[in-house]
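This report refers to the structure that appears directly beneath it.
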Amino acid sequence: MVKICCIGAGYVGGPTMAVIALKCPSVEVVVVDISVSRITAWNSDQLPIYEPGLDDVVEQCRGRNLFFSTDVEKHVAEADMVFVSVNTPTKTRGLGAGKAADLTYWESAARMIADVSKSDKIVVEKSTVPVKTAEAIEKILTHNSKGIKFQILSNPEFLAEGTAIEDLFTPDRVLIGGRETPDGQKAVQALKDIYSQWVPEDRILTTNLWSAELSKLAANAFLAQRISSVNAMSALCESTGADVTQVSYAVGKDTRIGPKFLNASVGFGGSCFQKDILNLVYICECNGLPEVAEYWRQVIKINDYQKSRFVNRIVSSMFNTVANKKIGILGFAFKKDTGDTRETPAIDVCKCLLGDKARLSIYDPQVTEDQIQRDLTLSKFYWDHPEHLQSLSPGTVKQVSIVWDAYSAVKDAHGLCILTEWDEFKTLDFQKIYDNMQKPAFVFDGRNIVNVEKLREIGFIVYSIGRPVDAWLKDMPAVA
Ligand code: UDX
Ligand code: ADP
């Protein structure tokens with residue numbers, strides 16, 4: 001029986017290992033983490049992450065060939081293959097602060113693997129890391145190996161949250177990078193043998209180490225670039241009277257471009273896009289390519305611009321002041337079907353509105369009150385530094401109340417903002433909402449999910465990203 005140990009029971013490690021265990025009954029998978037609360041949750045009925053279909057997969061394999069444990073060293077020592085899926089946050093201080101990846105967690109995991117290993121191992125890099133991390137890790141492992149052989153592989157994860165299980169069941173591709181030596185190729189084959197139990201051969205790509213590492217950064221940068229491109233267009237649409245949904249539909253009909261990832265929004269979020277692009281920018285700068293770095297930096301600049309443009313629209317349409325006005329916030333997660341708030345545009349939008357002294361009533365079906373308060377009080381990038389988080393108790397922002405249904409969030413409010421495209425927001429009774437709001441009643445749709453015409457008929461003043469603007473808003477041009 002092949003034994004796999006995965007260090008890091010997070011959004012990537014947990015679902016990926018659960019699916020490997022499900023699809024490969026002859027493989028024993030142990031997911032380990034230093035966080036006791038996370039492991040306790042994985043062993044309970046209340047899993048630490050919300051992901052459609054995950055409960056079912058875990059239920060089928062937990063206790064059979066899938067285990068969750070805090071005994072990191074024991075399970076690493078016993079494994080044939082060790083996946084490393086620990087945090088790789090953006091540095092908050094020192095050289096490269098705000099851009100470079102902090103590899104502290106990775107390095108300590110690598111040193112621990114070298115320390116406890118008594119047999120040869122394949123070490124698989126799963127978290128997104130800067131190009132050439134594998135080489136650095138290889139050095140740490142071999143210099144501390146006491147004669148044990150380590151083969152390092154890069155096997156970046158392409159799953160998206162909310163569809164993780166689907167993505168893992170039928171991936172577009174599985175990428176395995178390894179050394180081009182006979183031992184390296186043997187290790188690549190060993191990992192390929194695992195995936196080929198459910199993924200067709202032609203979808204399993206093998207490359208060298210650096211290509212695999214860079215492909216992950218490149219894929220995320222390309223995806224984010226599409227969103228920034230359509231968001232840039234949305235600003236032009238608003239100024240010219242075009243409708244961004246029609247433009248992106250027409251553009252996406254070109255089979256060379258394709259229809260996916262062309263939805264204009266208040267901005268992209270999530271733990272990967274910004275972090276990976278910042279990483280890419282830093283790598284380009286370090287390699288003497290400032291023009292290339294600047295090109296990719298623009299993707300983030302447009303994303304920031306989009307978030308501030310949205311807030312400017314809110315403030316300017318509400319007579320240039322939101323002080324003491326109640327604004328209902330519908331959705332806080334960075335996208336629907338996840339409770340994840342990492343880098344969610346809602347944080348920036350809410351912080352700006354709070355800066356202008358608005359009162360916020362926030363509803364998200366999957367995000368806890370504690371998490372929202374934490375997000376609104378922490379500084380940028382702190383979310384991915386657990387050692388800081390442990391020493392901080394979540395603050396409380398007094399102007400914020402967290403409620404448990406959409407109607408309470410918007411009751412007596414002057415305006416409502418849709419910041420996550422949860423399906424339940426599409427079928428709200430907007431007449432009822434209108435009747436219970438202050439007048440004029442404003443809707444700011446950051447996800448283009450409402451029926452603008454219908455809402456205007458009810459009496460709302462509506463702003464929907466990239467759509468022809470209300471006469472009201474035209475009279476109150478947003479400050480860009
Ligand atoms: C992303 C990549 O898709 C995945 O392959 C990688 O492994 C991790 O990063 P994820 O962050 O989970 O996955 O979500 P994704 O679906 O890519 O969405 C990212 C952000 O872009 C969300 O905030 C989403 O709302 C936004 N988005 C997406 C848009 O604004 N418009 C779109 O058309 C698509
Ligand atoms: P991702 O989204 O990439 O999965 P997460 O932050 O959700 O990232 O998960 C990373 C996990 O790795 C966290 O639960 C953290 O506690 C764990 N972790 C970090 N360093 C170590 C380590 N040295 N040993 C075990 N677990 C670790």
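Residue numbers start at 1 and run along the sequence shown. Side chains are part of it too, since the values below use all heavy atoms of this structure and drop only hydrogens, waters and symmetry mates. This one's a predicted model, so the numbers in the text were calculated from it and none came from an experiment. Both counts, for ligands and for their atoms, begin at 1 and track the order of listing.
Taking the six-membered ring where tryptophan is involved, the planes of F442 and F444 are essentially parallel, since the angle between them stays under 30° and well short of 60°. Between W296 and F222, the ring planes lie parallel to each other; the angle is under 30°, not in the 30° to 60° tilted range. Using cut-offs of 30° and 60° on the angle between ring planes, the pair F268 and F273 is perpendicular.
Checking only distances, G269 does come within under 3.5 Å of ligand 1, N or O to N or O. Checking only distances, L159 does come within under 3.5 Å of ligand 1, N or O to N or O. Taking only nitrogen or oxygen atoms, main chain and side chain alike, E421 does not reach within less than 3.5 Å of ligand 1. Any N or O atom pair closer than 3.5 Å counts here, and F158 shares at least one such pair with ligand 1. In terms of N/O distances under 3.5 Å, ligand 2 is not approached by S35. Looking at S271 next to ligand 1, no N or O pair under 3.5 Å apart turns up. For R38, a nitrogen or oxygen atom sits less than 3.5 Å from a nitrogen or oxygen atom of ligand 2, counting backbone and side chain alike. Any N or O atom pair closer than 3.5 Å counts here, and F268 shares no such pair with ligand 1.
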Run the salt bridge (Lys or Arg N to Asp or Glu O under 4.0 Å) test on K91 and D102 for me, step by step, so that the C-alpha distance in whole Å, both residues' side-chain angles and the decisive distance to 0.1 Å come before the verdict.
CA-CA 5 Å; K91 285 181 82 171; D102 181 345; over 6 Å; no
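Residue contacts with ligand 1, taken as heavy atom pairs separated by less than 4.0 Å, involve I227 solely via side-chain atoms from C-beta onward. Here R342 has side-chain heavy atoms under 4.0 Å from ligand 2, and that is the only part of it that gets that close. At a heavy-atom cutoff of 4.0 Å, ligand 1 is contacted by the side chain of C272 but not by its backbone. Contact annotation for N220 and ligand 1: only side-chain heavy atoms (C-beta onward) come within less than 4.0 Å of the ligand. With a 4.0 Å heavy-atom cut-off, ligand 1 is reached by the side chain of K216 but not by its N, CA, C or O. Both the backbone and the side chain of V12 come within 4.0 Å of ligand 2, judged by heavy-atom distances.
Close approach of ligand 2 to S108 is summarised as follows: ligand atoms under 4.0 Å from at least one heavy atom of the residue are 23 (N). Counting the atoms of ligand 2 from 1 in the order shown, those under 4.0 Å from a heavy atom of Y105 are 20 (N). When each atom of ligand 2 is checked for a heavy atom of S85 under 4.0 Å away, the hits are 10 (C), 12 (O).
Between K121 and E78 there is no salt bridge, since none of the side-chain N atoms of the basic residue sits less than 4.0 Å from a carboxylate O of the acidic one. Looking at D423 and K426, a side-chain N of the basic residue comes within less than 4.0 Å of a carboxylate O on the acidic one, giving a salt bridge. The existence of a salt bridge linking K336 and E421 is excluded, since no basic side-chain nitrogen approaches an acidic carboxylate oxygen closer than 4.0 Å. A salt bridge is defined here as a Lys NZ or Arg NE, NH1 or NH2 lying under 4.0 Å from an Asp or Glu carboxylate O, and K307 with D348 meets this definition. In this structure, E343 does not pair ionically with K275, as no charged nitrogen and carboxylate oxygen lie closer than 4.0 Å.
For K126, the closest heavy-atom approach to ligand 2 does not fall below 4.0 Å. Every heavy atom of S127 sits 4.0 Å or more from the atoms of ligand 2. Judged by the shortest distance from any of its heavy atoms, R447 lies inside the 4.0 Å radius around the atoms of ligand 1.
Regarding atom 18 (O) of ligand 1, its nearest protein heavy-atom neighbour is K335 CD, 4.0 Å. The protein atom (non-hydrogen) at minimum distance from atom 3 (O) of ligand 1 is L223 CD1, 3.8 Å. The protein heavy-atom contact nearest to atom 12 (O) of ligand 1 is E161 N, 2.7 Å.
Counting only N and O atoms by type, the side chains of S35 and D33 include no donor and acceptor under 3.5 Å apart.
When the heavy-atom distances from atom 10 (C) of ligand 2 to D340, N87, T16 are ranked, the shortest goes to N87.
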